[in-house]
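Throughout, protein chains are lettered first and strands after them, A, B, ... in sequence-line order, and every chain is numbered starting at 1.
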Amino acid sequence: MSFEPKILGFLCNWCSYAGADLAGVSRIQYPTNMRVIRVMCSGRVDPKFIFHALELGIDGVFVMGCHPGDCHYLEGNYEAITKFDMTQQFLKFINFDKRVRLDWVSASEGTRFGEVVTEFINHIKELGPSPISGGNPDEDILDKLKAIKMAAGSNRMRALVGREKTLLGSENVYGEQIIEQRFNILIDKAIKDEFERHRVLLALEKDSNSVKDLAVELNIDPSIVLEHVLTLKTRGQVDFQKIKGNTPIFMRL
Amino acid sequence: MSEEEKKDIEDEVRVGVFVCHCGSNIGGLIDCKTLAEEAKSLPNVAYAEDNLYTCSENGLASIKAAIEEYNLNRVVVASCTPRTHEPLFRDCVSEAGLNKYLFNFVNIRDQCTWVHQKQPEEAYKKAQDLIRMGTAKAVKLEALDIIMVNVNPSALIIGGGVAGMSAALNLSRQGFQTYLIEKEDKLGGRLNSLHKLFPHQLDASDFLDKIKNNVQNAQNLQILTSSIVKNIDGFVGNFEVEVEQNGKNIELSVGAIIVAVGSSLFAPTDLYGYDGKKRITQFELEHKFINNDVKANNYVMIQCVGSRIEDRPYCSSVCCMTALKNAFVIKEKNPGANITILFRDLYTPGTDYEKYYRDAREQGVLFIKYGLDKLPTVEEDHIKVFNEYMGEELILPYDLLVLATPLVANNDNKELAQMLKVPLEANKFFLEAHVKLRPNDFATDGIYIGGSAKWPVDITEAITQGYAAAARASRVLSHDSLEVEGATSSLPEYNKSLCTGCEICIKVCPFNAIIKNEEDEIEIIEALCKGCGVCGATCTNQAIVIKHFTDDQIFSEIEAFGGH
């Protein structure tokens with residue numbers, strides 16, 4: 001039997017959901033794989049919904065909103081873009097970035113709705129089943145996805161993404177404005193750091209460990225693991241447990 | 001049943017699921033009876049049934065009876081789409097004593113059976129999943145407070161053409177303070193440039209004078225010419241509109257808005273040798289009639305010039321009748337004139353219009369059908385056209401060539417649409433909420449549409465639609481207060497400790513509905529909140545709850561779909 005992917009769609013009420021209804025009224029035919037969750041605005045789609053769906057083994061997630069400039073809530077879809085960009089950046093670590101998509105369908109684009117959905121379903125079919133679907137999920141990827149979900153939900157990441165537009169669009173009290181390039185470097189670094197930190201956290205949750213062994217387990221340079229452990233210690237999430245031989249062992253708080 | 005048992009049942013979540021056949025629209029493809037049977041085994045489902053039409057009197061009565069009999073406190077209807085039928089079912093459950101937010105809609109028609117007509121088995125599985133997801137969300141639904149807002153009993157009509165004037169007259173006569181704004185320096189719109197009106201050959205100017213006179217003498221009606229809309233804020237019942245008249249700003253407060261901005265003319269440059277002199281448009285011909293400046297003897301008219309083609313696929317709907325009308329005008333002045341109309345399809349609907357066409361034929365107007373693959377070619381004094389019925393090429397001499405060009409959407413529609421937060425369709429005309437069920441509403445409450453702003457219409461239709469839009473608006477204006485969306489954002493008491501006061505929600509809210517109050521706490525002003533949910537998805541500590549679309553509800557939908 002050919003692979004029939006499970007796909008979840010988040011549709012904004014005013015444009016894409018209306019476009020999907022219009023596809024129905026016009027009897028546009030498209031494959032059946034997608035199940036829809038209606039939200040009022042694509043900006044409502046919290047990245048954690050996407051991570052949660054992927055964690056359950058859903059093969060692809062499609063977020064659809066109004067075309068830029070046409071948002072019923074003025075700029076909700078721009079907020080959707082910043083959140084989605086972060087989501088996709090995180091998913092690159094496990095090669096899942098192509099399993100999620102953000103696109104625009106207006107209320108008048110019934111035909112287009114059918115086309116983009118068909119295209120996305122075919123695209124996921126080509127990618128094949130999610131490695132964490134089925135009875136025998138890839139534990140390594142699943143662990144990493146869990147770390148991603150936690151990292152993206154951390155106060156730091158949410159604050160950075162939430163402030164993106166304000167930071168790029170206005171000046172600080174000294175009349176300086178952050179340029180997009182610099183912001184991107186900042187956010188890329190934050191995404192990488194938080195991903196690794198949450199992997200460390202998850203590893204320590206399973207068992208207390210030394211920096212050296214953590215580095216081997218997670219395949220991250222020991223000096224970087226040490227930095228992360230120290231940061232997590234200042235955040236009050238990790239603490240020194242004991243000395244084993246000459247090696248300090250850290251634990252999750 | 002003891003009091004205690006009764007109480008237990010009241011506290012327990014009891015969902016009723018109603019699966020609609022929608023005649024054969026759903027039931028013709030998938031087995032609704034079995035869907036309903038299976039729904040009975042879903043968590044918390046206390047009752048399920050299938051109905052031929054859940055939205056019918058019988059269907060609604062059956063929902064109410066089941067709420068009573070089975071102590072239901074959540075209702076799920078699996079049927080068409082919430083965009084058209086949610087209000088009906090919400091009213092139904094609230095009549096049976098449930099809070100209307102305890103209702104959830106599952107779309108198994110527009111987004112399932114209609115789009116998977118050749119895959120009944122897969123469509124059935126999809127409907128199963130959707131009902132499971134919708135029921136899982138229903139279990140988590142919470143009753144919400146109803147928010148009331150006052151209604152300002154006045155209306156703004158944008159566009160002083162025949163549709164706008166009709167709407168303005170209707171509303172002002174009902175006693176509502178009405179403002180009619182027109183961007184040109186006089187009322188009338190397209191009617192100003194017409195000569196006669198079909199199908200009774202009335203003088204356009206007589207008709208215009210009459211309706212203008214009525215408008216100018218109407219009570220409660222203020223006319224603002226040379227005025228444009230600069231900004232629109234607010235919501236149903238309470239719009240604040242900034243209008244600029246000759247460089248000076250005027251602030252208007254109104255309860256409803258009608259869009260009647262009409263349409264624009266299409267200039268057929270590069271088509272059929274158009275030069276505005278010997279080769280002109282139908283509108284230019286009417287201008288010539290008005291100035292008594294038509295002397296030709298041989299007329300050829302070409303229909304569908306620049307319409308029903310790939311770039312502009314729609315039918316402008318008024319051009320066939322316009323060509324006939326102008327042919328009659330020519331024949332009246334010069335019965336010996338030769339008039340040939342080259343058409344692709346003739347659109348003269350209804351008995352009156354059909355008779356008009358027959359009369360034209362009787363008066364000797366010739367009709368020749370051409371095809372898109374063999375367009376007529378225009379030479380200096382003759383036209384070559386391939387007659388589809390005869391299968392051969394004809395040569396027609398002409399003194400005046402008249403091109404029927406379509407009405408097109410106004411260039412500034414996009415700007416106005418953005419101010420109103422309403423959509424445009426593919427040809428940039430305004431898009432109504434539903435083509436059949438809500439033809440003069442927008443999906444946004446309190447904003448209505450009539451006339452050519454939506455699609456090219458003739459004078460009769462413009463008047464009808466103007467009245468229709470006014471009727472829809474008066475449904476809102478006749479209330480002192482109205483219920484508005486209760487599904488807003490909120491910062492519940494139990495989450496206040498999570499709020500760190502980072503103020504990012506204040507920055508992302510496009511409606512300024514979030515403020516920091518005197519106690520230095522984040523406060524959400526629910527009447528201003530439109531419920532988009534962006535603040536909830538952004539909140540750094542996840543303290544904000546989006547009512548009716550809570551994290552919990554969305555997670556339960558995702559989980560009900562689940563993995564493989």
- [ ] Could you have a look at A433(B), P82(B), P423(B), C80(B) and say which one has the most heavy-atom pairs with chain A under 4.5 angstrom?
- [x] P82(B)
- [ ] Could you tell me whether a side-chain N or O of R44(A) sits under 3.5 Å from a main-chain N or O of F549(B), the two making a donor and an acceptor?
- [x] yes
Task: Option in C532(B), G533(B), A443(B) with maximal non-hydrogen atom pairs under 4.5 Å from chain A - done: C532(B)
- [ ] Counting only heavy atoms closer than 4.5 Å, note whether I554(B) contacts chain A via side chain, backbone, both or neither.
- [x] both
Task: Max heavy-atom pair count under 4.5 Å with chain B, selected residue of A18(A), C15(A), A53(A), G114(A) - done: A18(A)
TODO: For the pair R158(A) (side chain) and C539(B) (backbone), establish whether a donor and an acceptor sit closer than 3.5 Å, ignoring hydrogens and angles.
DONE: yes
TODO: Walk me through it: do T81(B) and Y17(A) pass the test side-chain contact (heavy atoms from CB on, under 4.5 Å)?
DONE: CA-CA 9 Å; T81(B) 166; Y17(A) 197 90; 3.7 Å; yes
Task: Test: D551(B) and K48(A) ion pair at under 4.0 Å - done: yes
Open item on the list: Is it the case that the side chain of Q29(A) and the backbone of Q117(B) share a donor-acceptor pair, with hydrogens and angles ignored and the cut-off at 3.5 Å?
Closed with: yes
Task: Option that, when pairs with chain A are counted at under 4.5 Å, heavy atom only, ranks first among E122(B), H548(B), K126(B) - done: K126(B)
Task: Salt bridge R38(A)-E86(B), side-chain N to carboxylate O under 4.0 Å - done: yes
Open item on the list: Between H116(B) and Y30(A) (side chain of the first, backbone of the second, donor and acceptor by atom type, cut-off under 3.5 Å), is there such a pair?
Closed with: yes
TODO: Select, from L54(A), D21(A), L22(A), the one with the greatest count of heavy-atom pairs under 4.5 Å involving chain B.
DONE: D21(A)
Task: Residue, of E79(A), M34(A), R35(A), M40(A), that accumulates the most heavy atom pairs under 4.5 Å with chain B - done: R35(A)
Open item on the list: Between K137(B) and I37(A) (side chain of the first, backbone of the second, donor and acceptor by atom type, cut-off under 3.5 Å), is there such a pair?
Closed with: no
Task: Pairwise distance CG(L8(A)) to CE(M133(B)) - rounded to 0.5 angstrom - done: 5.5 Å
TODO: Output the option from E55(A), K83(A), E75(A) having the highest count of non-hydrogen pairs under 4.5 Å with chain B.
DONE: K83(A)
